[in-house]
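Okay, so here's the structure we're looking at.
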Number of protein chains: 2
Amino acid sequence: MTGKTVRAEQVSATRELILVAAERLFAEHGVFAVSNRQVSEAAGQGNNTAVGYHFGTKADLVRAIARKHAKQIERLRLRMVAEIGEPADVRDWVSCLVRPVTDHLAALGNPTWFARFGAQAMTDPALREIMVEESLTSPSLQQIIDGLNRCLPSLPAEVRAEREDMARQLMVHMCAERERALADGTPTPRSSWHGAANGLIDALVGLWLAPVVS
Amino acid sequence: MTGKTVRAEQVSATRELILVAAERLFAEHGVFAVSNRQVSEAAGQGNNTAVGYHFGTKADLVRAIARKHAKQIERLRLRMVAEIGEPADVRDWVSCLVRPVTDHLAALGNPTWFARFGAQAMTDPALREIMVEESLTSPSLQQIIDGLNRCLPSLPAEVRAEREDMARQLMVHMCAERERALADGTPTPRSSWHGAANGLIDALVGLWLAPVVS
DNA sequence: TAGCTTAAGTCAAGCGACTGATTTAAAATC
DNA sequence: GATTTTAAATCAGTCGCTTGACTTAAGCTA
């Protein structure tokens with residue numbers, strides 16, 4: 001952030017204002033229920049083309065939001081993977097999957113919007129690919145998958161692929177669910193993001209270790 | 001369907017045309033990326049107000065689609081719950097949760113659109129409540145939850161609530177994932193909806209039986 | 001001063017909602 | 001049972017409004 005010129009500082013401040021405003025509006029009203037104009041206005045920009053100028057289309061804006069968070073989560077995940085002890089068991093690897101996300105959300109304070117935004121974007125036919133590109137193409141993520149596979153050598157390949165998907169879906173949508181409840185004031189099963197992570201980790205360990213019966 | 005007048009027959013045919021067209025367009029392009037006009041046109045209605053006339057707002061249309069499928073799934077689920085043997089174990093109840101949904105999708109043939117539509121609607125802030133009302137307020141569903149709880153008496157209430165959520169999220173989004181892959185021609189872990197259900201059931205049994213560690 | 005950023009205003013296109021006319025099955029009347 | 005009346009469904013077109021995209025001008029930093 002430092003080391004920039006005054007000009008560049010102002011520009012990235014403007015961009016950040018837009019990103020935050022967009023994330024909030026998208027989470028609260030839906031990505032496609034909010035126009036670029038409304039985002040620009042909410043970001044305090046007099047110009048109705050501010051989003052277009054700084055980011056381009058709505059898809060580009062979504063990408064920028066995703067990238068921002070993915071970067072921060074990836075930092076936490078790399079650190080955690082680096083610190084993992086040997087021998088690592090399924091629970092260790094699952095924790096590496098879950099904690100960076102929940103820790104990131106916890107660090108954002110309250111309220112947060114990213115989990116709800118992410119869940120929407122992941123289910124939209126036009127935005128899904130963008131989200132996958134930005135958040136699933138991560139070296140540390142592959143490391144975790146590999147580590148998990150080493151723990152579960154007897155699991156058939158198709159079951160592994162399936163359970164990877166399940167783990168991902170569960171993380172994305174359970175975080176969104178909790179964030180929604182927090183925003184609505186609805187009671188949550190756990191009192192903190194850390195607790196929610198505990199619940200997720202327990203469940204995911206059970207899921208990965210589940211015998212293949214049928 | 002029979003026993004109706006000719007007039008009523010035509011009307012419900014028109015409504016069905018609109019529902020099917022909407023479901024397809026929503027799944028392929030996104031619920032809010034498709035206008036009511038486009039739906040009317042795709043349904044072969046000359047009038048751009050056809051959706052408004054028959055259903056009302058877009059939210060009402062979404063509700064009608066959800067209700068249609070929920071009804072059919074509920075029929076399958078009631079039958080399966082009625083046929084469940086005693087004593088029923090976790091796997092029996094989980095099967096009652098999963099099979100009606102996958103069987104319904106299998107019965108729809110190929111391609112299907114409902115799973116992708118449902119996943120979108122479930123994550124949208126404006127549509128979520130509608131979907132919950134239409135598909136989660138079902139007597140048979142409560143029976144299954146109760147049965148599951150009887151199998152797992154030692155599970156803390158908050159963990160139970162949490163894992164109910166997880167099971168629901170997994171069903172919705174894994175079905176959508178598979179439907180997407182089928183539509184794209186991407187390889188799927190399983191060759192049939194029945195096989196996908198097997199994978200889901202194995203995983204969910206493991207998830208429910210997972211020890212509460214942390 | 002040159003170039004990037006913000007502001008202000010304009011534009012055609014598409015939106016949901018509305019209107020009145022037309023069609024036609026169904027109900028009422030004879 | 002034939003004829004008239006009614007009301008639901010469909011059609012065709014219009015309305016005000018919002019949208020993303022565009023143009024032009026002003027502001028400010030390097």
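- Here the P atom of nucleotide D:dG20 and the CD atom of A:Glu41 are 11 Å apart, to the nearest Å.
- Residue A:Asn48 places its side chain closer to C:dT10 than to any other of C:dA17, C:dT10, C:dA7.
- In this structure, B:Leu61 atom CG and C:dA17 atom C1' are separated by 16 Å, rounded to whole Å.
- Within the 4.0 Å cut-off from OP1 or OP2 of C:dT6, at least one side-chain nitrogen or oxygen of A:His54 is found.
- At D:dT18, none of the side-chain N or O atoms of A:Ser35 fall inside 4.0 Å of OP1 or OP2 (strictly under the cut-off).
- If you measure from atom NE2 of A:His29 to atom P of D:dT18, you get 16 Å, rounded to the nearest angstrom.
- With the nearest nucleotide of DNA chain D identified for both A:Asn47 and A:Gln38, A:Gln38 has the one nearer the 5' end.
- Per the geometry, CZ belonging to A:Phe32 stands 19 Å off C1' belonging to C:dG16, to the nearest Å.
- Checked by distance alone, B:Arg37 brings a side-chain donor or acceptor within 3.5 Å of a matching partner on the base of C:dG16.
- Minimum heavy-atom separation, B:Met166 to A:Gly199: CE-O, 3.8 Å.
- Within 3.5 Å, no donor on the side chain of B:Thr49 pairs with an acceptor on the base of D:dC11, nor the reverse.
- Among the protein residues, B:Thr14 comes within range of the sugar-phosphate backbone only, with heavy atoms under 4.0 Å from sugar or phosphate atoms but none that close to a base.
- The shortest distance between the side-chain N/O atoms of B:Gln45 and the OP1/OP2 oxygens of D:dC11 is below 4.0 Å.
- Annotation for B:Glu133: atom CD counts as buried by contact number, over 12 foreign heavy atoms lying within 6.0 Å.
- Both A:Gly44 and B:Lys58 sit near DNA chain C, but only A:Gly44 has its closest nucleotide nearer the 5' end.
- The aromatic rings of B:His69 and B:His104 lie perpendicular to each other, with more than 60° between the two planes, well past the 30° mark.
- Partner of B:Leu141 under the side-chain contact (heavy atoms from CB on, under 4.5 Å) criterion, chosen from B:Glu164, B:Arg77, B:Arg168, B:Glu74: B:Arg77.
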- [ ] Starting from the C-alpha separation in whole Å, work towards a yes-or-no answer on salt bridge (Lys or Arg N to Asp or Glu O under 4.0 Å) for B:Arg190 and A:Glu158.
- [x] CA-CA 7 Å; B:Arg190 310 281 183 154; A:Glu158 72 272 14; 5.3 Å; no

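- Within the nucleic acid shown, B:Gly46 comes within 4.0 Å of sugar-phosphate atoms alone, with no base atom in reach, counting heavy atoms only.
- At C:dT5, one or more side-chain N or O atoms of A:Tyr53 fall inside 4.0 Å of OP1 or OP2 (strictly under the cut-off).
- The residue B:Asn36 sits close only to the backbone: its heavy atoms come under 4.0 Å of sugar-phosphate atoms, none of a base.
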